[in-house]
**Q** 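Please see the structure below; I have some questions.
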Protein chains: 2
Amino acid sequence: MRILGIDPGSNATGYGVVESQRGKLVHVAHGVLRPPRRAGVAQRLDYLHRTVCEVIEGHAPDVAAIEQIFVARSPRSALLLGQARGAVLVALGGAGLVVHEFSPSQVKQGVTGSGRATKDQVKRMVSRLLGIDRVRASDAADALAVAIRHAHGGRLEAAGVSPVPRRRRTAPRVRVRVSS
Amino acid sequence: MRILGIDPGSNATGYGVVESQRGKLVHVAHGVLRPPRRAGVAQRLDYLHRTVCEVIEGHAPDVAAIEQIFVARSPRSALLLGQARGAVLVALGGAGLVVHEFSPSQVKQGVTGSGRATKDQVKRMVSRLLGIDRVRASDAADALAVAIRHAHGGRLEAAGVSPVPRRRRTAPRVRVRVSS
């Protein structure tokens with residue numbers, strides 16, 4: 001299974017392609033797409049859409065993975081991020097790819113084993129799991145991380161283990177033992 | 001000049017096509033694009049992108065107009081609106097259309113003469129200016145309004161009149177007369 005992970009942004013969109021071969025992860029490609037800064041918004045989003053289409057054509061992924069967004073600094077930045085996500089999702093949907101969304105903590109959990117891992121810990125695990133040099137571009141590293149999360153999730157699910165990170169406890173858990 | 005006005009939304013995106021013929025406005029088409037509700041987000045945005053492409057192919061506009069967004073209820077709604085705008089802008093940019101953005105008050109001003117007109121006043125003026133029955137769908141009426149705004153703006157600009165609405169006065173204006 002070949003997985004395309006995407007980390008959309010209005011100035012820089014990271015992508016990462018990994019392959020899951022018999023439970024082993026193989027790095028295929030990664031990179032950052034940067035629309036021309038001085039172009040109009042429609043031209044920048046068209047560029048983003050076209051280059052994502054090229055990545056899909058070039059690497060023929062079976063499935064796509066993207067981070068869910070819960071917070072944004074402001075409605076303005078959410079709008080800009082939304083526009084970039086829209087351009088990316090159009091490319092994924094147009095290619096007939098199913099898109100899996102993961103929360104940031106699900107990605108951290110799936111890559112490092114901890115939903116509270118730092119950015120740096122995630123980056124180190126990405127390069128270790130894929131057997132590649134440290135990925136300098138954060139956007140590309142994040143894109144590889146969400147692709148890895150999908151690969152790991154699938155494996156855990158196949159093994160009957162829930163890939164969803166444990167919820168933070170809000171109250172002490174009570175085990176009820178039913179006596180026969 | 002044929003103008004495509006668009007009012008993007010995550011559930012309903014209005015479009016309106018008007019032609020400016022020797023200073024007279026002619027209605028060409030309008031409608032509302034509604035992605036299938038139960039589809040995934042990428043499929044919904046792909047649908048939106050494809051149908052906007054179809055509108056562009058069907059009506060061959062020379063230019064596009066869209067409302068600027070300044071406010072959103074929340075980052076969440078800004079993100080969803082941004083995604084829809086992204087899908088629409090990819091279609092406009094991909095067709096090589098220049099996209100003009102207008103603030104809500106610029107649209108109201110350009111259609112009714114007042115930047116503080118109500119939604120209903122804008123709707124009535126849209127049908128009067130185009131000589132068509134009242135447009136029921138608000139999204140389509142808004143899309144026609146932004147297309148009309150662009151047509152009017154162009155005309156006013158050609159006549160040397162600024163199409164930008166007057167700013168609200170924050171302090172009394174003082175006229176300085178230079179005596180010779």
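A, B, ... follow the sequence lines: proteins, then strands. Residue 1 opens every chain. Predicted model, so just to flag it, every value in this text is computed and none were measured.
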**Q** Which heavy atom of A:I69 sits nearest a heavy atom of B:R76, and at what distance?
**A**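 Nearest heavy atoms, A:I69 then B:R76: O-NH1, 4.2 Å.
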**Q** Using every non-hydrogen atom in the two residues, find where A:P75 and B:A78 come nearest and quote the distance to one decimal.
**A** O-CB, 3.3 Å
**Q** Establish whether A:L130 and A:M125 are linked, either directly or via other cluster members, by ILVMFWY side-chain heavy-atom contacts under 4.5 Å.
**A**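 Same cluster: A:L130 reaches A:M125 through Ile, Leu, Val, Met, Phe, Trp or Tyr contacts under 4.5 Å.
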**Q** Looking at CG of B:L89 and NE2 of A:H49, how far apart are the two atoms once the value is rounded to the nearest 0.5 Å?
**A**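 One finds 12.5 Å between CG of B:L89 and NE2 of A:H49.
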**Q** Measuring from A:L97:CG to B:D46:CG, what's the distance to the nearest 0.5 Å?
**A** 10.5 Å
**Q** Should B:V63 and B:V18 be counted in the same cluster of Ile, Leu, Val, Met, Phe, Trp and Tyr side chains packed under 4.5 Å apart?
**A**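 Yes, B:V63 and B:V18 fall within the same hydrophobic cluster.
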**Q** Set out, in order, the CA-CA distance, both residues' side-chain angles and the distance that settles side-chain contact (heavy atoms from CB on, under 4.5 Å) for B:V41 and A:R85, then state yes or no.
**A** CA-CA 10 Å; B:V41 63; A:R85 276 175 69 90; 5.7 Å; no
**Q** Can you establish whether the number of heavy atoms outside B:D133 located under 6.0 Å from its atom CG is more than 12?
**A** no
**Q** With a 4.5 Å cut-off on side-chain heavy-atom distances among I, L, V, M, F, W and Y, is there a chain of contacts connecting A:L4 to A:M1?
**A**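 Looking at the clustering, A:M1 is in a separate group from A:L4.
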**Q** Are there over 12 heavy-atom neighbours, none belonging to A:R134, within less than 6.0 Å of that residue's CZ?
**A**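 Yes - once you tally the heavy atoms of other residues, nucleotides and ligands closer than 6.0 Å, there are more than 12.
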**Q** So which of B:G86, B:G40, B:P8, B:G82 has the biggest tally of heavy-atom pairs under 4.5 Å with chain A?
**A**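 Counting heavy-atom pairs under 4.5 Å, the top option is B:G82.
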**Q** With a 4.5 Å cut-off on heavy-atom pairs, point out which of A:R44, A:Q43, A:Q83 contacts chain B the most.
**A** A:Q83
**Q** Hydrophobic clusters here meaning ILVMFWY residues chained together by side-chain heavy-atom distances under 4.5 Å, can you tell me if A:V90 and A:V55 are in one?
**A**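 Result: yes, single cluster for both.
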